[in-house]
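Structure first, then comments.
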Number of protein chains: 2
Amino acid sequence: MTVTIKDIAARTGLSITTVSLVLNNKESRISSKTRQLILDTAEELNYIPNQMAVSLVTKETKTLGLIIMDIANPFFAELSKGISAEASEHGFDIILCDTGDSYEMTMRSLKVLASKNVDGIVITLSDEIREEKMELLADFLQNHTLPVVLIERADRLVMSDCLNVNHEKGSRLAAEHLLRLGHRKVGCITGPAHLEATGRRLKGVMDVFAERGVKFRPELVVEGDYHIESGYAGTEKILAADSSVTAIYAFNDLMAYGIYQCLKDRGIRIPDRMSVVGFDDIFFSKMLYVPLTSVALPIRQMGERAVQLLIERVANRELPRRCDVLEPRLIIRESTVPPCPADPPDRKA
Amino acid sequence: MTVTIKDIAARTGLSITTVSLVLNNKESRISSKTRQLILDTAEELNYIPNQMAVSLVTKETKTLGLIIMDIANPFFAELSKGISAEASEHGFDIILCDTGDSYEMTMRSLKVLASKNVDGIVITLSDEIREEKMELLADFLQNHTLPVVLIERADRLVMSDCLNVNHEKGSRLAAEHLLRLGHRKVGCITGPAHLEATGRRLKGVMDVFAERGVKFRPELVVEGDYHIESGYAGTEKILAADSSVTAIYAFNDLMAYGIYQCLKDRGIRIPDRMSVVGFDDIFFSKMLYVPLTSVALPIRQMGERAVQLLIERVANRELPRRCDVLEPRLIIRESTVPPCPADPPDRKA
DNA sequence: TCTGTCCGATAAAACGTTTAACCCAATCAG
DNA sequence: CTGATTGGGTTAAACGTTTTATCGGACAGA
C-alpha cells in the first residue's frame with residue numbers, strides 16, 4: 001500500500017536506520033554508493049515520509065495554527081495570505097480555524113490545535129472575549145505552553161508576543177492631511193465606542209488638532225458601526241449639527257461609501273464641496289467614481305511579521321516578550337482637496 | 001511535561017488500555033466506578049490526546065487539505081469559508097495551502113498534504129495546469145490514492161469527484177432578462193478566450209438568442225481579461241461597432257465597473273441609456289451608485305457541497321464518481337431597465 | 001601479533017496511541 | 001461439582017519514524 005522506510009530497507013537490503021540517516025542526510029559516514037542506492041529506490045518507490053511518525057518522535061510538526069474570526073472578511077483574508085506565504089517560506093503549513101467570531105469556537109480550535117501538536121498559533125480575538133473568557137483562554141495557553149502571537153490585541157493576561165497596527169498614527173495622518181489642506185470644520189464617523197481601536201483612532205485626531213491649535217468640535221463626532229448605513233446616517237447627523245462642515249473622516253471605508261451615498265442624495269459634490277477620508281483602503285476604494293483617500297493598513301506585512309515572530313519563538317522559547325507595531329500610510333486620491341471658500345463671491349475672479 | 005494516557009494510567013493504577021478504552025468510550029465492560037475515576041483524572045490533569053499517535057495507528061487524521069489559488073481573492077475566501085464551516089461541522093480541520101496560482105506550489109502542497117496524511121483534499125486548479133502538468137498531477141493523485149474533489153474543473157485525467165457551477169445557465173439568466181426587457185442590441189465583454197468558463201458563458205448567451213429568434217451580433221462581442229480596464233476598453237470597442245447598443249453584459253463585475261466608468265466619461269447614463277449586467281455579484285456591486293444587476297454564484301454552498309462529497313468518499317472509497325453542478329441566480333438591481341426608445345420623437349407624448 | 005582508530009552500518013528503544021488476544025475470578029446452568 | 005459464561009481488566013504488538021549506542025572489520029602503528 002503506502003511505501004515506508006521499511007520497504008526501502010527491504011528492497012536495498014539495508015537497515016532502516018541507514019535509510020533514515022540517508023533520507024535526512026545526517027551522519028556523513030555513509031558510503032556514497034549506499035547513499036545513492038537508497039536515494040534512487042526512494043525515488044522509484046515514490047516514497048513520502050509519514051509526518052505523523054516523524055512528529056511523534058521529533059515533537060515538532062512544522063505546522064502552525066491560525067485562528068481567525070472570519071476568513072471571508074477581506075481584512076482577514078489578506079492577513080491569512082501574508083501568514084500563509086511567510087509560513088510556506090519557512091517550510092511550515094497552516095491549519096485554518098475560522099471561529100465566526102465565537103468564543104466557544106475559539107476555545108475548541110485551541111484544543112484541536114493543541115491536540116494536533118502545532119508548533120505555534122497566530123490568533124485574532126473577537127472583541128467579545130474579555131474578562132472571564134480571556135482568563136480561561138489565558139489559562140489554557142499557559143497550561144499547554146503553546147507559542148502564540150496575538151494580532152491586534154495586547155493583553156496582560158496572555159503573556160504572548162503580539163502585533164498591532166498604529167491606529168493613532170493612522171488617524172494622525174488623516175487629520176494632518178485634512179488640516180494641511182485647510183479644512184477646519186471636520187466631521188468624524190467613528191467605530192463602536194467600546195472598541196479599543198476606536199479610542200485610539202479618535203485620540204489621534206484630537207491630538208493633531210490640539211497640536212496645531214485648531215479647535216476640535218466634539219459635536220461633529222458621531223458613532224458608527226462600520227457598516228455602510230451608519231456612514232449615511234452619520235453624515236446626516238453631522239450636516240444637521242453644522243452644515244458648513246467641509247470634510248468628513250470615516251473610521252472605515254465602508255462608512256465612507258455611506259457618506260458618498262448621502263452626499264449624492266443631497267446633491268453635495270465630492271470633493272468640491274466636501275472632502276472625504278476613509279480608513280482601511282479596501283480594494284474597491286480606488287474604483288469609486290471619486291477614488292477615495294484612505295488610511296492603508298499594512299495587512300499583509302502584518303501576517304508575515306506575525307509568522308516571523310512566531311517562528312522565532314518556536315526556535316527559542318526563552319525570548320523576552322515582544323510587541324511589534326506596524327505603521328499605516330495615507331493613500332491620497334481624489335476625494336480630498338482644499339475646502340471650497342465659504343463665500344464663493346470673494347474669489348470669483 | 002505534556003500529560004499522556006500513561007500518566008493517567010499511573011495516577012489511577014490502571015492499565016493504559018483501560019484508560020484508552022474509557023476515553024474513547026469503546027467496550028462497555030468497564031465498571032462505571034473505574035470509568036468515572038479515569039474521566040475525572042483526565043479532566044484534572046488537562047489531558048489532551050496526541051493526535052499524531054492516534055493517527056499513526058488509526059490511519060486517519062480528521063484533517064482535510066485545501067489547495068486554493070489565492071486566499072486573498074474574495075471568491076476563494078468565500079469558498080474557503082464554506083469549506084471550513086462544513087468541515088468543522090463534521091469534526092474535520094483543514095490545512096490551507098495557498099498556491100498563488102503556481103503549478104510548482106500546487107505539487108508541493110500535494111506532497112505536503114500526502115505527507116501529513118490528510119484524509120482528503122479539495123483542490124482549485126489554475127487554468128495554466130493542463131496537458132503534461134495535468135498528467136503529472138493526475139499520476140500523483142492516482143499513486144497516493146487520495147480522495148479529492150476538484151472545484152470548477154472536470155477532467156478525465158483526474159478520476160475524482162468534481163463540483164462545478166453552471167456557467168451556461170448563469171449566462172442564460174442574464175440574456176433572458178435582457179431580452180425580456182426588450183433589448184435587442186446587446187454587447188458582451190467576455191473573459192479570456194482560452195478559459196472553459198468563457199466558452200460556456202458565451203454559449204449560454206448565444207443559445208438564448210437563437211431560441212428566441214433574436215439575431216446575435218458577433219461583432220458586439222469583445223474579449224476581456226476580468227480586469228476593470230478591459231471593461232472600459234471593451235465598452236469603447238462595442239460603442240465604436242454600433243453606438244445604438246442598449247445593453248452590455250460583462251462576464252464579471254469588475255469589468256462591469258469598467259463599463260460604468262467609460263459610460264460616465266461619455267455622458268451615457270445608466271440605466272436610462274444603457275443597461276448593464278455583471279457576473280459574480282461581488283460584495284460591492286450592490287453599493288455602486290447604480291446598484292448592479294449581476295449573476296450570483298452560490299459560492300459558499302459550493303464549498304459546503306465540496307466537503308460533503310469529500311467526506312462521503314473518505315467514508316466509502318468505492319463510491320462511483322460524482323460530478324455535481326450548482327445553479328447560479330440572477331440578482332436584479334437598478335442597472336437594468338427596458339431600452340429607451342430608439343427615436344424619442346415617436347412616443348414623445 | 002596485539003592494540004587502537006576509523007569506517008560503514010545496524011540493533012533497539014522510544015514517541016503516544018489503538019486493538020486483538022488473553023487472563024482471572026466469580027457466577028450460573030445442569 | 002463441573003464446565004461454560006460473563007464481567008472487568010491486562011499484555012503486548014503494531015503504527016513509521018528518529019536516535020543513541022553498539023558492532024565488526026580493516027588498517028596502522030608498535
Side-chain angles (χ1 to χ4, degrees), chain A residues 1-39 41-42 45-63 111-119 144, chain B residues 1-39 41-42 45-63 111-119 144:
Chain A
M1 205 65 209
T2 53
V3 13
T4 78
I5 213 178
K6 259 185 201 163
D7 299 319
I8 300 184
R11 191 72 120 68
T12 58
L14 293 160
S15 73
I16 62 169
T17 305
T18 310
V19 176
S20 170
L21 256 22
V22 168
L23 260 24
N24 301 307
N25 58 336
K26 300 194 167 169
E27 296 289 331
S28 50
R29 0 179 288 175
I30 303 267
S31 71
S32 59
K33 191 171 37 180
T34 318
R35 179 180 301 278
Q36 201 51 53
L37 175 61
I38 290 176
L39 257 20
T41 49
L45 298 182
N46 281 314
Y47 170 72
I48 290 208
N50 181 328
Q51 267 300 130
M52 301 295 111
V54 175
S55 298
L56 192 53
V57 19
T58 63
K59 305 288 196 193
E60 53 171 40
T61 51
K62 285 290 183 182
T63 304
K111 272 172 203 149
V112 165
L113 293 177
S115 179
K116 300 216 164 157
N117 287 14
V118 293
D119 296 333
H144 296 272
Chain B
M1 203 64 207
T2 54
V3 12
T4 78
I5 214 179
K6 259 185 202 165
D7 300 320
I8 301 184
R11 191 73 118 66
T12 59
L14 293 160
S15 75
I16 63 170
T17 303
T18 309
V19 176
S20 170
L21 256 23
V22 169
L23 259 24
N24 300 307
N25 57 335
K26 300 195 167 170
E27 297 288 333
S28 52
R29 5 180 283 173
I30 303 270
S31 72
S32 60
K33 190 171 38 178
T34 316
R35 179 179 301 278
Q36 201 51 55
L37 175 60
I38 291 176
L39 258 20
T41 48
L45 299 182
N46 281 312
Y47 170 71
I48 289 208
N50 181 328
Q51 266 300 129
M52 300 297 111
V54 174
S55 298
L56 192 54
V57 21
T58 62
K59 306 287 195 193
E60 53 172 41
T61 51
K62 285 290 184 183
T63 304
K111 274 174 201 147
V112 165
L113 293 177
S115 179
K116 299 216 164 157
N117 287 15
V118 294
D119 296 333
H144 296 273

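In what follows, every heavy atom counts, from backbone to side chain, and hydrogens, waters and symmetry copies are set aside.
- No side-chain heavy atom of A:T4 sits less than 4.5 Å from a side-chain heavy atom of A:I16.
- For the salt bridge (Lys or Arg N to Asp or Glu O under 4.0 Å) test, no residue two or more places apart in sequence or in another chain qualifies with B:R35.
- The shortest distance between side-chain heavy atoms of A:R11 and A:I8 does not fall below 4.5 Å.
- Going from atom CG of B:L21 over to atom P of C:dA20 covers 11 Å, rounded to whole Å.
- Taking side-chain N and O atoms only, B:K26 has a distance below 4.0 Å to OP1 or OP2 of C:dT19.
- Side-chain contact between A:T63 and A:K116 is absent, with no heavy atoms from C-beta onward closer than 4.5 Å.
- Atom CG of A:N25 and atom C1' of C:dA9 are 17 Å apart (whole Å).
- Shown for residues 30-38 of chain B: residues whose heavy atoms fall under 4.0 angstrom of DNA chain D, namely B:I30, B:S31, B:T34.
- The closest side-chain heavy-atom distance from A:T18 to A:I38 is below 4.5 Å.
- Within the model, atoms CG of A:L39 and OG of A:S32 stand 11.0 Å from one another, a figure rounded to the nearest 0.5 Å.
- For the helix from C:dT1-D:dA30 to C:dG30-D:dC1, the terminal axes (five pairs an end, C1' atoms, rotation from four pairs onto the next four) enclose an angle of 60°, given to 10 degrees.
- For B:T61 (side chain) and B:N117 (main-chain N/O), a donor-acceptor pair under 3.5 Å exists by modelled atom type.
- Atom CD1 of A:I8 and atom C1' of C:dT10 are 17 Å apart (whole Å).
- Across all strands shown, A:L14 has heavy atoms under 4.0 Å from sugar-phosphate atoms exclusively, and none from any base.
- Checking the phosphate oxygens (OP1, OP2) of C:dT10, a side-chain nitrogen or oxygen of A:T18 falls inside 4.0 Å.
- In terms of modelled atom types and a separation under 3.5 Å, the side chain of A:S115 and the main chain of B:N50 share no donor-acceptor contact.
- With a cutoff of under 4.0 Å to any heavy atom of chain A, the contacted region of DNA chain D is bounded 5' to 3' by D:dC15 to D:dT22.
- Rounded to whole angstrom, the span from the CD1 atom of A:I16 across to the P atom of C:dT10 amounts to 11 Å.
- Residue B:T41 holds its OG1 atom at 8.5 Å from CG of B:L14, rounded to the nearest 0.5 Å.
- Taken to the nearest 0.5 Å, the CG atom of B:N25 stands 11.0 Å off from the OG atom of B:S20.
- Here the CD1-CG distance, from A:I30 to A:L21, works out to 5.0 Å after rounding to the nearest 0.5 Å.
- A heavy-atom distance below 4.5 Å is not found between the side chains of A:T34 and A:T12.
- When side chains are defined from C-beta on, B:V22 does not count as touching B:V19, because their heavy atoms never get closer than 4.5 Å.
- B:N24 contributes no side-chain N or O that, together with a main-chain N or O of B:K26, makes up a donor-acceptor pair within less than 3.5 Å.
- Non-hydrogen atoms lying under 4.0 Å from DNA chain C are contributed by A:L56, A:V57, A:K59, all within residues 48-63 of chain A.
- A:T4 comes within 4.0 angstrom of the backbone, heavy atoms only, and of no base.
- Put simply, the side chain of A:Y47 reaches to within 4.5 Å of the side chain of A:I5, judged on heavy atoms.
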Using a 4.0 Å heavy-atom cut-off, write out nucleotides 21-26 of chain C from 5' to 3' as B (base contacted by protein), S (sugar-phosphate only) or - (no contact).
-B----
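- One finds the NE2 atom of A:H144 at 8.5 Å from the NZ atom of A:K111 (value rounded to the nearest 0.5 Å).
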